[in-house]
A.B. asks: 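Dropping a structure here in structure tokens format, bear with me for questions.
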Amino acid sequence: MLLIPCPYCGPRSEEEFSYGNEAHIPRPKQPDKLDDAEWAEYVFMRSNTKGVFLERWMHAQGCRRWFNVARDTVSYEILAVYEIGAPRPELELRRDV
Amino acid sequence: MVEAYLRQSALAHLGLEGRGAGARGAAGVAMSERPHRGIVNLRLDPGNAEAMAALKAAFGFALPAAANTSAGNTDTIALWLGPDEWWLVVPGPEPEAGPALAEKLRAALSGHFAAVTEVGESRTCIRVAGPRARALLQKGCPLDFHPRAFVAGACAQSILAKAAVTFHLFADESAAQAGAEGPVFDVYVARSFAEYLWAWLEDAGAEYDVAVVA
């Protein structure tokens, strides 16, 4: 069970959160200009990172806010928590483990 | 407008008034329903100093800015729910408390960008008090209810036995009157979950001896 530090409410149990998958995937500016392959790339394709992964969480049973988490997918250690719209934290990304 | 004679609390069918007639005795937990509280959800940018000042003038206290805290007086309580979201609660069972509270908020926030939504009819409040109240709630909730971590006035939205609830520690041990009453929690829960949660609390509290009080 993870102890996730919600940037608004403080550390709370993973039970209170819902998961939002990979962060920093911008919606295409002109979706109607994309072909099916490009649209599928945007909708479905996600990186399967071993190491530091930037992902979204929502404090569903608490303040109901979305935020970003940098988590090590090997150790499950949470390295940083930052608000939606904030720049990526300075972390060593895609490190070898 | 709710016709008073049609108004039933979420737990009215359990006949708690009849069970609450007895003495509390040495029970570790005392439970009661505190129905019909006026509750209004307020969304407002806390950076809007003018609106915050207007609310302070209208209610006599400032909205709590720190996470998981509350503020208030005997008439109204404000619970922090999120960085731009609060509940304002009228603790008494006055039948038109919710609409009156919403009206007061709308008047104070006139011209400001804010949302005022009455939510009281969808909730009820279960008061869990007594020296073993912390231990009882801890059985079903991942929050830390230790007296050092969850102090008087603390509030938090979380889950209790898988039901979404809002906790408010109305008074802690230090406020207890002679007789070791223990902490007083107000647990706000959706009306449709109220019977389930009441049954769960009674079952989980059996080892501490649960008294139903008026």
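For clarity, every value in this text was computed on a predicted model and none was experimentally measured. Lettering of chains follows the sequences in order, A, B, ..., and the numbering in each one begins at 1.
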A.B. asks: Heavy-atom pairs under 4.5 Å with chain B are the metric here; pick the option from A/Glu15, A/Glu16, A/Gln61, A/Arg65 that has the most.
C.D. replies: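 Among the listed options, the one with the most contacts to chain B is A/Arg65.
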A.B. asks: Output the residues of residues 75-85 of chain B for which the shortest heavy-atom distance to chain A is under 4.5 Å, in residue-number order; output 'none' if no such residue exists.
C.D. replies: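 From residues 75-85 of chain B, the residues near chain A are B/Trp80, B/Leu81, B/Gly82, B/Pro83, B/Asp84, B/Glu85.
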A.B. asks: Select all residues of residues 29-45 of chain A having any heavy atom within less than 4.5 Å of some heavy atom of chain B, and report them by number, or 'none'.
C.D. replies: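 When heavy atoms of chain B are the reference, residues 29-45 of chain A contributes no residue within the under-4.5 Å range.
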A.B. asks: Tell me which of these, A/Pro11, A/Ala60, A/Cys63, has more heavy-atom pairs under 4.5 Å with chain B than the rest.
C.D. replies: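 The candidate making the most pairs under 4.5 Å is A/Cys63.
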A.B. asks: In a table with atom names and distances, give each donor-acceptor pair under 3.5 Å that connects a side chain of residues 58-69 of chain B to protein atoms at least two apart or in another chain.
C.D. replies:
unit_1  : atom_1 : unit_2  : atom_2 : d
B/Asn68 : OD1    : A/Arg12 : NH2    : 3.0
B/Asn68 : ND2    : A/Cys9  : O      : 2.8
B/Thr69 : OG1    : B/Ala66 : O      : 2.7

A.B. asks: Report the C-alpha distance between B/Gln157 and A/Arg64 in whole Å, list the side-chain angles of each, state the deciding distance to 0.1 Å, and finish with yes or no for side-chain contact (heavy atoms from CB on, under 4.5 Å).
C.D. replies: CA-CA 10 Å; B/Gln157 296 173 95; A/Arg64 293 177 297 280; 2.9 Å; yes
A.B. asks: Is atom CZ of B/Phe193 surrounded by more than 12 heavy atoms (other residues, nucleotides or ligands) closer than 6.0 Å?
C.D. replies: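 Counting other residues, nucleotides and ligands, CZ of B/Phe193 stays at 12 neighbours or fewer.
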A.B. asks: Sort by residue number and list every residue of residues 33-57 of chain B having at least one heavy atom under 4.5 Å from chain A.
C.D. replies: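 Against chain A, the residues of residues 33-57 of chain B that fall inside the cut-off (heavy atoms, under 4.5 Å) are B/Arg43.
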A.B. asks: Should we count CZ of B/Phe145 as having more than 12 external heavy atoms under 6.0 Å?
C.D. replies: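 For B/Phe145, atom CZ is crowded (more than 12 foreign heavy atoms under 6.0 Å).
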A.B. asks: Can you tell me if B/Asn73 has over 12 outside heavy atoms packed within less than 6.0 Å of its CG?
C.D. replies: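 Enclosed.
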A.B. asks: Counting heavy-atom pairs under 4.5 Å to chain A, which of B/Ser158, B/Cys141, B/Ala164 comes out on top?
C.D. replies: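 Most heavy-atom pairs within the cutoff with chain A belong to B/Ser158.
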